[in-house]
Every structure is written in C-alpha cells, then in structure tokens.
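So you know, we letter chains A, B, ... as the sequences are listed, proteins then strands, and number each from 1.
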Amino acid sequence: MAKKNKLLLIDGSSVAFRAFFALHNQLESFKNRNGLHTNALYGFHNMIEKILKEENPTHALVAFDAGKTTFRTEFYPEYKAGRAKTPREFTEQMPYLRELLKGFGIYYYELENYEADDIIGTLSAQADEKAFDVVVVSGDRDLTQLAKDNVKVDITVKGVSETKTYTVESIKEEYGIAPLQIIDMKGLAGDKSDNIPGVTKIGEKTALTLLQEYGTVEGLYEHIDDMKKSKRKENLINEKETALLSKKLATIIKDAPLAITLNDLVYNGPDTKKLIDFYKEMDFKSHLNRLDTSELEETLEANRSDIQFQKVTILTDEMFKDNQSIYVEMLTDNYHTAQVVGISWGNEEKIYACEPEVAFHSDIFKKWAEDGHSKKKTFDSKRTYVALKHHGIELKGVVADLSLEAYLLDVKDNSSDLAAIAEEYDYFDVATDESVYGKGAKRKVPEDKEQLYAHLARKIKAIAILCDQLMEKLEENQQTELFTDIELPLANVLADMEMAGITVNSKRLEEMKGEFAEKLQELEQKIYAEAGETFNINSPKQLGVILFEKMGYPVIKKTKTGYSTAVDVLEQLQDQAPIVAYILQYRQIAKIQSTYIEGLLKVIDKKTGKVHTRFSQTTARTGRLSSVDPNLQNIPIRLEEGRKIRQAFVPREENWRIFASDYSQIELRVLAHVSDDQHLKEAFIEGQDIHASTAMRVFGLEKAEDVTPNIRRQAKAVNFGIVYGISDYGLSQNLGISRKEAQQFIDTYFEKYPGVKQYMEDVVREAKDKGYVETLFHRRRYLSDINSRNYNLRSFAERTAINTPIQGSAADIIKVAMIQMEKALKASDLRATMLLQVHDELIFEAPEEEIETLEKLVTDVMEHAVALSVPLLVESDNGKSWYDAK
DNA sequence: TAGAGTGAG
DNA sequence: CTTTACTCACTCTAT
C-alpha cells in the first residue's frame, strides 16, 4: 500500500517570531561574522528539523504573512493595531529564512491581503478533501480552530522546538468545545494580542460556559431572550455587532485565492548543498560538522547518472573531431612539476579516455592537439597547455575555457575544481576532485581506475555543456571580447612566460643566507639580553607578554587574540624601549631570510637554475594577476637589505640583461580618463609631475618651487587615497595628521577636482543600482554589500566600487600590452623574452645588443596598447640583474 | 587552519 | 553612532 499523504503546514511568521523571542536573551551571541543576528534562524531551523523527523511529511509548506494590510484591516482597521514595532534584529533575518527553507527543500508562500493563517486554512481544507493527514505548526493558538480528525495542530510552547499538540479530542478535553467553536470563543472574549475587541466583561472562562450552552455566537443570540436579566445580557445585546465582527476577524479563511495547489508542495527532502552554504553563511558550526560533506557527496553521487565513455589504448583518426573538449588530469596544483594521470576528450555524445602515455606517444593525438583549425574547449587552458607542452605537444585551437569564463561572469567563481564551478550553474553531474581522489596526504588515483576515467569523462561532458552556456552569458554581459581578445590569448602568453622561467643565482642567495643568519643571531642575543630571558621572537603572543606584561610598556593597540605587536605599534614604542629597535630589525631580516632566501632556494629547478612561478588569472577580484609558488610580484624593493634579493635574479645567459618597463602613474591616468576631470587630464597631457601638480592645487601654491618635498609627499598620499576610496581616518593615519586636517585635504581636493568627485558619486550610485561595477573592458565585479544596512560592510563595498574600475582597468590595459608584446616579439627576430608581470611593469631578459631595439618596441607597445584621453607613459631600465634594472 | 605579521603594486 | 584606504601571497605560531 502506498504511504499515506501527509501535509505539513507551518505558520512561518509566527514561528519565526516565537523563535526570535525564545532566544532573545542570547541575542548577541547569535551573530554571524558579518554581524547579522541569527537567533530566529537558529530556533526556526531546529524546529523544522525536529518536526520533519517526527512527522516525515510527503508535502510541506511554510506560509508567511504578506504585509500589514489584509482583508481584515479593510473592515476593521484596528485589527492587530497597537503591536510593538518589529525589532530590526528580527526583520534583518527574514530574507535568510527563505534561504534556509530552500535548503530544507520546503516551499514557501505568501499572499497579498491574506495572513499565513488563511493560506494554511485553505490548504488544510484542500488536503481534507483528498484525505491527507495534516500537521499544522504555529506559535498562535488561533490555529487550533483548524483541528479535525485528520488535522492536528502543534502550538509552540516556551522556545520553539517544543510543541503542544492540539487534536479534536484534546481540545474537547481542555476547553469542552469543538475546534470550530474557538472562533465563537474569540467572538465573545476577544483577543488582546490581535486587538479583537469581544464583548465587555466576557473573558475566556465565561465565553466557554456560554458556548457549552448555546454552541455558537449565532446560537446564543437566537436564544438571548431566554437569558435571565443581568449586566452580562445587557452587554451581549448592546455589543452584538462587536461579537459578530470579532468572530469574523477570528475566522480563518478556507478559500483564499491561492496560486498554488497541493501538487506544488511535494516534499523531496533537503538540498544538502544549499543547507551547507546556509550553515557556512550563518556560522552554524555545529550543524555544519554534523552534516559533513560526505553526506552531500552521497546525495549527489546517488543522483548522478551513468556516464558513457570509451577507455582506449589505441587512438584512431575517428576519435578526433572539431569542437571537442579536452581535459588533462594532474593531482597537484603545480602543473610545472605535476604528473599527468589521465587524459580525456570528446563531445557531449562521445567521450574517450586514455592513459597519459597513450596520448603522448600518439601522432594522431599530437596532430589534432596542434591543429589550430580544430576547435577545442577546456577547463583551464593554461594548465592544459603547459602540461601538454612538457610532453612536446603544443595545444592550439582553444576557443573556450570554462574556468576563465566563470571567473569573468563572477570573479568569485575561481575554484580550480571543475565540480565547484559546475555547481554554480546548477550542473551536478560531475564529482568533486576531493571525493574521487581524497585530500591532503591521502590524495591519490583511485584503486579502481574505472572511477578515474569515469570522473574525467564527466568533466568532458560538463565542459562541453557549460562552456556554451557561459559563452552566451558572456555575450549578454558584453564580455565576449574581454574573453576572446584578452583573457584567452593572455593564458597562452602567461604559459610561455611561466615556462621560460627566470634564472636565479642560488650561490648569491646562499651567501646572503649566511650573512643574514649571523645578523639574526646577534639581534636575537641583544633582544634576549634586553628582555632578561629567551623566548620565541616570532611569536606575537610571547612577544606581547614580554613587552606589555614583563617590561610594562603601554598597550597601544589590541588584536582579537591579544596585544598587537605590529610595526606601527612598535614604532610608537621605539623612543622609550630600546628592545623595540632590535625587534623591528629582527622581523625585517627574518622575513627576508625565511620567505625570500630559504623560500626561493626551495623552488629553484636544480637542473635549469630557474624558478617557474604560476600566474593566476582567476584569483584577484579586480582582474589583476597574482603569482604563486613562488610569488614573484612581491620581491622586496623598498628597503635596501631586502632589495639585495633582486641581485639573485639574473638573465639566463652571460652578456644578457634584465630589462624592466613600468607604467608611470597608470592608475591616476585611468582615473583621469574615466572621471574626465579637466584638471587631472590637463596635468597628464602637459606632462606635469602629478603629485606636485596636486600639491599646488590642493595647497594653493603659485609656483612649482613652492612645492617642498614634504608637501609633495602629502599630496602623493592624497592621490593614493583617492584611488583607494579615501577616508579621513585612513589619510590621517597615513600622514600622521589629525582627522580634521585630513578631512580638510579631502574637501579641498574634491573642490579642485570636481570631475573626480562626480565620478566617485556616479560609480557608487551605479553600483547601488546595478549591484556591480565594470572596468573599461567590461570586467565585472558584483558588490553584494553595497546596499547593506551594516555600515562597515556598506562602506567597504563603496570603497571597492571606487577602486575596482581603476585598478581593474589598469589591469586590462597591461594585459592587452602583454598580448601585443608577445606577438611583436614573435614577429621580430629578437631573442628577448618576456618573463614577469608585476601589475604595472613587465620584466624581460635580452641580449645586451637587443636592449636599444627592445626599449623602443616595449615603450611603443605599452604606451599605445589602449588609447585613453590622456597619454600613457612608460619608463624603462636595464641591468645585469633585476636589482640593477631599477 | 586561522590569525598576525610583512612583502609587493 | 558605527569604522577606518585598494589588491594580493607567504611564513610563522598556536590551536
């Protein structure tokens, strides 16, 4: 026999409200990391979880009140009047309640002019007709009027996960009346909380007694003449209208015009993925742990369809066609050193997989891979390209890259795991790498090779389907050119740079290592002597104890976990604490030693003496590149000790040079362009010193000679601040001036550069309207907090809105230049090689005799990569090491 | 694995 | 009234 249908109906508004007040005394401990209160969500969650487990419904719905006005307020405006204002801490949780319900897989509904009660009443009646069992959950006892033989009503008591069940019998027992008589009782006695008046001097007790005798309000008035004379009878007669009105108000509608039917409410269990996201968002750690990801995987695994593919050992021409996808699997991040463990290719209809050696030794595979006319889709084209190139195959004809496409559509979608990206687009037919290979030290190819190839086949299918989908979305966003003309070709340029690598003089590093080790020892001894004991200087915690407890220096700043020992704090202590100078020196050298000397030595390729970084094209939210393993975009330069590290970066051959070109003030030039500020533009067009020019305008100086170095420094800080989305505090900290003075600088700046001010207002307004900002080339960044009620989140989003188009457009420009540069080098007979990009500069190595030509070429390409309304200016230098190319 | 700290543009 | 400049990666300690 089929399981009997059971409908669960929850009065969302009242339960959420109950949950909020049940946990109100702990309001402040229920907050997520963004400061959102979560107590109502938490209580509601636990109630639902419990009721689902107990009742195991086949259908479910959560009903909400739609708003303040309902058909009841139309005929009785005072209905529910006089209620205290809903606390903001409660209302801020309501949108997330809907997310929670999506996670539970429960439908929710609200209907204009009706209350949640009426939706529940109507559905309960419909379920009754179809002989469903019904469970109603509410915090409001009014709902008990719905009880029937097949309808029970759970009313929450103290807290929300505990409920009291009302059935026909229990109501009879407790009140001596039938459920429907509850409305008659309200008619007579009224209800304070809903502001239903009732009849004077009649309370619940009296009402019940009267109903025992007369059955209903109407029945009572039919026999009112039989009642013996009393004050009560008088009241009843005088207030007949009120009694009938009150009854009408208390009556739950059974025929509300719902746009949903029972069929819409089928309950299929939770969407574990969404629940996990919800728990993460709310910082519900205990729930998260309980519902570990293996459960999610199991759910998805169970729903995953079989994948058809052919594992092949001999490759034939028929297997390779135009418009296929290709995936080259490696189990570690670093594709320069990773081992390929499997290869798969094909289209939606036909998928092939083989062991790496089969493909690497196949001329047919090589011919197809290297055929630029044979179009290919990939997940991460740079990774794929490099892996194949290591085996003598030069991948060509790539027209799609799922990873890059997802990143351009939303810079937050930058996972290296295909399944994570697929999931974002509601594609679940591919497993995560972690579930197939495991994680950490246990990561390995599954024993059953079939599983590996099935996984790869699923990736091919996902790439085939999703690349097309995402390309359409790119087109909708006007991002096709950004993808096709910039990001995709750039991937190849970057691959070549990474593979070229930069030569590192490890002997020089070893020498420095020895010198620094000695210095560190000396400093260590001095610090211990000052402190009077030994301790771990690298531990901010231990250092804090020494400085602020043992030695008793004043605490200037605190961190979440204890005393702050950051540079700015230590610098303030320097005068009174001799130990501090040593600590600062120690920190500086320890950083150089561990990160730049030991760190770099570890990643030098022993055979070639080179390091091969990886440029990530999908990490930075602004569109910049990032560099990892090693990070070659933060090699020291500001302080001499660190700068010496650059002496170890040398050309690959003797008599070659390191050549570096950088854009001068590219971000301010971009600002001049996008803001169209006349004065800023003029300064660049006339080739003025921009910081001096700003200084003259902001400080009202007449002659260039009046700009002292100090004034120029201040103006420079203001210019930086402008690009970052300035605040008076930030500027005051940077310049060591008062907040008031900083504000004065900013005000004057905006007065003198009205176009910049206008731009900032416009870009923030646009971000608030559209939810995202864009760069010159339509790179897009969504700012979900831009309309947040939380000041911090909103301010941060506003500054980001100002900064991203500037930083991002600069990133766009240098990317264009890089693509053109590689092309220009290939077209020339130069041996010069592009090696690195550091946000606004490009680093090359080249034979000495090419330097002159190279400089002309690079300058021309970089300066004309993009035409702005102000000129772009490039400055270059070269030397026998990176250090000397300053 | 998070947080503090520091390197770069 | 809040808080306090944008973008990253790496190393270390401590849990």
Side-chain angles (χ1 to χ4, degrees), chain A residues 33 35 411 414 440 535-544 557-570 583-584 586-600 602-603 613-616 619-639 641-643 645-646 662-667 671 717-735 739 742-743 746 773 781 788-808 810-811 814 836-841:
Chain A
R33 64 197 161 301
V411 290
N414 61 352
F535 63 100
N536 187 343
I537 308 165
N538 286 320
S539 163
K541 196 178 165 190
Q542 292 184 33
L543 180 60
K557 201 166 70 178
K558 288 199 138 198
T559 67
K560 268 186 230 166
T561 50
Y563 314 109
S564 169
T565 67
V567 216
D568 54 318
V569 171
L570 297 190
I583 293 168
L584 287 169
Y586 178 91
R587 281 236 179 109
Q588 195 200 329
I589 293 171
K591 172 79 177 173
I592 298 168
Q593 185 76 310
S594 62
T595 304
Y596 297 104
I597 297 187
E598 291 167 358
L600 213 45
K602 269 185 228 154
V603 293
T613 184
R614 299 191 318 279
F615 289 107
S616 171
T619 297
R621 312 279 238 239
T622 51
R624 274 189 176 182
L625 299 177
S626 76
S627 157
V628 290
D629 212 5
N631 180 358
L632 294 181
Q633 290 179 321
N634 71 343
I635 301 302
I637 188 165
R638 293 174 192 183
L639 300 171
E641 285 94 328
R643 189 176 198 153
I645 296 291
R646 293 179 176 230
D662 70 282
Y663 279 116
S664 161
Q665 307 298 347
I666 188 165
E667 292 190 347
L671 176 62
V718 172
N719 277 333
F720 268 93
I722 292 294
V723 169
Y724 294 150
I726 202 157
S727 81
D728 55 358
Y729 182 87
L731 185 63
S732 73
Q733 286 296 295
N734 193 306
L735 284 177
R739 234 171 115 153
Q743 187 57 53
I746 296 167
V773 290
R781 179 176 185 177
S788 169
R789 274 125 356 249
N790 180 321
Y791 176 89
N792 283 333
L793 295 180
R794 187 176 65 249
S795 301
F796 187 57
E798 287 170 357
R799 294 194 297 270
T800 311
I802 292 169
N803 176 262
T804 295
I806 302 173
Q807 194 182 113
I814 195 165
L836 301 174
Q837 185 250 44
V838 190
H839 310 307
D840 62 357
E841 60 180 320

Do A:Gln633 and C:dC8 have a side chain to base donor-acceptor pair shorter than 3.5 Å?
no

Under 3.5 Å donor-acceptor pair, A:Arg638 side-chain atoms to B:dG9 base atoms:
yes

Specify the closest pair of heavy atoms between A:Pro630 and A:Ser627, including all atoms of both residues, with the distance to one decimal.
O-OG, 3.2 Å

Over all strands shown, is [X] touching base, sugar-phosphate only, or nothing at heavy-atom distances under 4.0 angstrom?
| X | result |
| --- | --- |
| A:Leu625 | nothing |
| A:Arg621 | sugar-phosphate |
| A:Asn803 | sugar-phosphate |
| A:Gln542 | sugar-phosphate |
| A:Arg587 | sugar-phosphate |
| A:Ser732 | nothing |
| A:Ser616 | nothing |
| A:Ala742 | nothing |
| A:Ser627 | sugar-phosphate |
| A:Asn536 | sugar-phosphate |
| A:Val628 | sugar-phosphate |

d([atom1], [X]; [atom2], [N]) in whole Å:
| X | N | atom1 | atom2 | result |
| --- | --- | --- | --- | --- |
| A:Lys560 | B:dA4 | NZ | P | 6 Å |
| A:Leu543 | C:dA14 | CG | P | 11 Å |
| A:Tyr563 | C:dT13 | OH | P | 21 Å |
| A:Ile592 | C:dC12 | CD1 | P | 14 Å |
| A:Asp840 | B:dA8 | CG | C1' | 10 Å |
| A:Asn792 | C:dT4 | CG | C1' | 8 Å |
| A:Asp662 | B:dA8 | CG | P | 15 Å |
| A:Ile722 | C:dT7 | CD1 | P | 17 Å |

Take atom CZ in A:Phe535; do more than 12 heavy atoms of anything else shown fall under 6.0 Å from it?
yes

Among [options], the one nearest [X] by side-chain distance:
| X | options | answer |
| --- | --- | --- |
| A:Val567 | B:dT6, B:dG5, C:dA5 | B:dT6 |
| A:Thr595 | C:dA9, C:dC6, C:dC10 | C:dC10 |
| A:Arg799 | C:dA5, B:dG3, C:dC10 | C:dA5 |
| A:Asn538 | B:dA4, C:dC12, B:dG7 | C:dC12 |
| A:Lys541 | B:dG3, B:dG9, C:dA14 | C:dA14 |
| A:Tyr791 | C:dT13, C:dT2, C:dC10 | C:dT2 |
| A:Ser539 | C:dT13, B:dA8, C:dC12 | C:dT13 |
| A:Ile637 | C:dC10, B:dG9, C:dT2 | B:dG9 |
| A:Asp728 | B:dA8, C:dT4, B:dG3 | C:dT4 |
| A:Tyr596 | B:dA8, B:dG7, C:dT7 | B:dG7 |

State whether [X] places a side-chain N or O below 4.0 Å from either non-bridging phosphate oxygen (OP1 or OP2) of [N].
| X | N | result |
| --- | --- | --- |
| A:Thr559 | B:dA4 | yes |
| A:Ser795 | C:dT4 | no |
| A:Thr561 | B:dA4 | yes |
| A:Ser564 | B:dA4 | no |

Using Watson-Crick geometry (N1-N3 plus N6-O4 or O6-N4) or G-U wobble (N1-O2, O6-N3), each under 3.5 Å, C:dC10 is paired with B:dG5

One thing to verify: whether A:Glu667 and A:Arg624 come together as a salt bridge, which I'm taking to mean a side-chain N less than 4.0 angstrom from a carboxylate O.
yes

Side chains of [X] and [Y]: is there a donor and an acceptor less than 3.5 Å apart?
| X | Y | answer |
| --- | --- | --- |
| A:Asn734 | A:Tyr729 | no |
| A:Arg587 | A:Thr565 | yes |
| A:Thr804 | A:Thr622 | no |

Distance between the P atoms of B:dG5 and C:dA5, in whole angstroms?
15 Å

Separation between the P atoms of C:dT4 and B:dA4, rounded to whole Å
13 Å

Of A:Asn790 and A:Phe796, the one whose nearest nucleotide on DNA chain C sits closer to the 5' end is A:Asn790

Closest-nucleotide mapping onto DNA chain C: is A:Tyr729 or A:Arg781 further toward the 5' terminus? I mean the 5' end.
A:Tyr729

With a 3.5 Å distance limit and no angle check, can you tell me whether A:Asp662 reaches the backbone of A:Asp840 through a side-chain donor-acceptor pair?
no

Side chain of A:Arg646, backbone of A:Ile635: donor and acceptor closer than 3.5 Å?
yes

